[in-house]
Amino acid sequence: MPTFEYSDKNRIRFIEYEVRPLNLDGDAIRVDHFETKQEAIADADYVMSSSEPDVAAVVVERHIKKYPAWEFSEPENYETVHTVGNADVITLWNL
């Protein structure tokens with residue numbers, strides 16, 4: 001996973017992309033992790049097209065983790081970067 005070291009050499013930031021296949025209730029079936037956005041989006045599209053019986057939608061999130069956590073007001077941040085599949089399921093997931 002890509003790592004950024006701050007100039008003070010005491011803090012670091014990791015960025016990863018998480019792919020979450022969702023069932024009809026909007027719950028994540030599993031979470032897969034990737035280093036790049038392109039890999040994650042390609043996997044999400046593949047999972048959606050592979051006709052897994054329980055997958056109704058797939059969400060890709062950019063996950064930023066900062067260490068040590070006490071140094072930051074927001075040590076973790078998630079941003080949705082790609083969605084594919086049933087819009088109602090994605091709405092349920094966002095609740």
Charged N-O contact under 4.0 Å between Glu16 and Lys65
yes

Sorted by chain and number, sequence neighbours left out, salt bridge (charged side-chain N to carboxylate O under 4.0 Å, His left out) with Asp45 holds for none

For residues Asn10 and Pro68, report the shortest heavy-atom separation together with the two atoms involved.
O-CD, 3.5 Å

Give the minimum heavy-atom separation between Ile90 and Gly85, together with the two atoms involved.
CD1-O, 4.3 Å

For Glu61, enumerate each residue passing the side-chain hydrogen bond (donor to acceptor under 3.5 Å, both in side chains) test, keeping only those at least two apart in sequence or located in another chain.
Arg20

How far does CH2 of Trp93 sit from OG1 of Thr80, to the nearest 0.5 angstrom?
3.5 Å

Measuring centre to centre across the rings, with the benzene-like ring taken for any Trp, is Tyr67 within less than 6.0 Å of Phe14?
yes

If you measure from NZ on Lys66 to CD1 on Ile15, what distance do you get to the nearest 0.5 Å?
9.5 Å

Under 3.5 Å, side chain of Asp25 to main-chain N/O of Asp27, donor-acceptor pair present?
no

Check: Arg11 and Phe72 side chains under 4.5 Å, non-hydrogen atoms
yes

Sequence neighbours excluded - ring-ring contact (aromatic ring centres under 6.0 Å, His included) pairs with any residue from residues 36-62:
none

Find the distance between OH (Tyr17) and NE2 (His82) and round it off to the nearest 0.5 Å.
13.0 Å

So which heavy atom on Met48 is nearest to which on Ala57, and how close?
SD-CA, 3.8 Å

Closest approach of Asp43 to Val19 (non-hydrogen atoms, all atoms of both residues):
OD2-CG1, 3.7 Å

Evaluate Val60 against Glu18 for side-chain contact (heavy atoms from CB on, under 4.5 Å), listing each step before the verdict.
CA-CA 6 Å; Val60 178; Glu18 299 181 353; over 6 Å; no

Taking side chain as C-beta onward, heavy atoms only, is Val55 less than 4.5 Å from Ile29?
yes

Check step by step if side-chain contact (heavy atoms from CB on, under 4.5 Å) holds for Val31 and His63.
CA-CA 12 Å; Val31 179; His63 182 194; over 6 Å; no

Using the rule given for side-chain contact (heavy atoms from CB on, under 4.5 Å), can you reason through Arg13 versus Ile64, listing the C-alpha separation, both sets of side-chain angles and the distance that settles it, and then say yes or no?
CA-CA 7 Å; Arg13 178 181 71 205; Ile64 301 172; 3.5 Å; yes

Considering all heavy atoms of both residues, which atom of Ala44 and which atom of Val84 are nearest to each other, and what is their separation?
O-CG1, 4.1 Å

Report yes if some heavy atom in the side chain of Val59 is under 4.5 Å from a heavy atom in the side chain of Leu22; otherwise report no.
yes

Distance in Å, Glu39 CD paired with Asp32 CG, rounded so as to fall on 0.5 Å steps:
12.0 Å

